[in-house]
Amino acid sequence: MGVEIRPATINGENHSESVNIGAPVVLGLQPFALVDHIAKVDWSLLSQIPGERGGSFPVAVEELKHILNELNAHILPSTDNESLLKTIAGGSVANTIRGLAAGFGISSGIIGACGEDEEGKLFMSNMGLSKVDLSRLRLKNGTTAQCVCLVDEVGNRTMRPCLSGSVKVQADELKREDFKGSKWLVLRYAILNVEVIKAAIKIAKEEGLFVSLDLASFEMVRKFKSPLIELLESGNIDLCFANEDEATELLRDEEKADPDAALEYLAKHCKWAVVTLAQNGCIAKHEKEFVRVPAIGEAKVTDATGAGDLFASGFLYGLVRGLPLEECCWVGSCSGGSVIRSLGGEVTPENWQWMYKQMKTNGLQLPEPSKSSVVT
């Protein structure tokens, strides 16, 4: 498998030159570039696929093809003129990085690999249009990973990524130059990526970056807890995000296993710890400071895909801007609420405007590019 260690290009142009001069403030490591296929489906399809509803766990190529072939027979009709099936750049880290760049104006880049195929071109084009720095994206001969995101009638999502045979960045391909000058490294836990995650953390710490880790899914925590605990207790994770299911799973064998107990555990090992609670907002801790923040805005859940990823975008924006812990949570609540209003993990222009309105209403610091665009 050949490797092109060169800046990714779009239409033959070096994209990094058109986006950022100097290192991005925030880097996301997503070893596999990923393309999401998102559709609202009926319950009968969800009962046919392996794994538990609501989780995220890898499937084989044959299982991916089966799910895609079955989609048309199970897609629910749209009530708001939205596309019945969306295919966009995806992956948790990509969603967070894209949100930071597109919605918050924070210079952001991604480290990973994509194939020189149609999915790879789509990933690069989508991320590039959102002003993400692609100069650390490796181009390789092979296929780009894909994921089916199945959304039920009430907006809950079940994700089945297919990484088999797809190109990825390996641990020994990471370069110190990838990290130099940046401030944050964003990671998502995945057992297939443990070695490259460890290698990235080592370089990041040597270069003085803060490290953020998302716990990925309750299935991933349950099946591969030991390597996760090792990462969390290494002292190298500065910020950890977990949703309530992941938080409960993390302490399943303990006497007390609930979000509050999980937050206390995470805060022992990380500078910042956050547990999101869906419609109940979030709880967070930084050193001795504890905050509980409600969800923002009216409930309109079309699709929960990317809710935690975009919450992380807002929270990281707050940290980069030096906001207090509570305000970081409020911004995260605004951005997390923006993405659930439409299908997929990418925020629409209309929903960015919704978020800016919520931020303004709640007295939060608006991103510089958006101050003039907020409708009063």
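Bear in mind the structure is a predicted one, so any value in this text is a computation, not a measurement.
- Between Arg292 and Asn280, the side chains place no donor N or O within less than 3.5 Å of an acceptor N or O (distance only, hydrogens not considered).
- Rounding to the nearest 0.5 Å places OG of Ser135 at 12.0 Å from CD of Glu177.
- Looking at Glu287 and Lys271, no side-chain N of the basic residue comes within less than 4.0 Å of a carboxylate O on the acidic one, giving no salt bridge.
- Ser338 places no side-chain N or O within donor-acceptor distance of the main-chain N or O of Met355, the cut-off being under 3.5 Å.
- Within 6.0 Å of the NZ atom in Lys205, the count of heavy atoms belonging to other residues, nucleotides or ligands exceeds 12.
- For residues 146-163, the pairs satisfying side-chain hydrogen bond (donor to acceptor under 3.5 Å, both in side chains) are His37-Gln146, with sequence neighbours left out.
- Checking Asp117 against Thr144 by side-chain atom types alone, a donor-acceptor pair falls below 3.5 Å.
- Electrostatic pairing of Lys268 and Glu233 does not count as a salt bridge here, judged by no charged N lying under 4.0 Å from a carboxylate O.
- Side-chain atoms of Gln30 come within 3.5 Å of backbone N or O of Phe32 as a donor-acceptor pair.
- Side chain of Tyr265 to main chain of Leu250: no donor-acceptor pair is present (N/O by atom type, distance under 3.5 Å, no hydrogens or angles).
- A salt bridge (Lys or Arg N to Asp or Glu O under 4.0 Å) with Glu173 holds for exactly one of Lys168, Arg136, Lys140, Arg138; it is Lys140.
- Asp245 has no carboxylate O lying under 4.0 Å from a charged side-chain N of Arg222, or vice versa, which leaves the two without a salt bridge.
- Heavy-atom neighbours of Lys225 NZ from other residues, nucleotides or ligands within 6.0 Å: above the threshold of 12.
- Ionic pairing of Arg252 and Glu249 is present here: one or more N-O contacts between side-chain nitrogen and carboxylate oxygen are shorter than 4.0 angstrom.
- Between Phe241 and Phe315, the gap from one ring centroid to the other is short of 6.0 Å.
- Of the possible polar contacts, none joining the Ser333 side chain to the Cys329 backbone as a donor-acceptor pair under 3.5 Å is found.
- Using bins of under 30°, 30° to 60° and over 60° for the plane-to-plane angle, the ring pair Phe210/Trp272 lands in the perpendicular bin.
- A donor-acceptor contact shorter than 3.5 Å links the side chain of Glu219 to the backbone of Glu52.
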As a quick check of understanding, evaluate side chain to side chain contact (heavy atoms under 4.5 Å, CB included) for Val211 and Leu239, giving each step before the final call.
CA-CA 6 Å; Val211 174; Leu239 166 62; over 6 Å; no
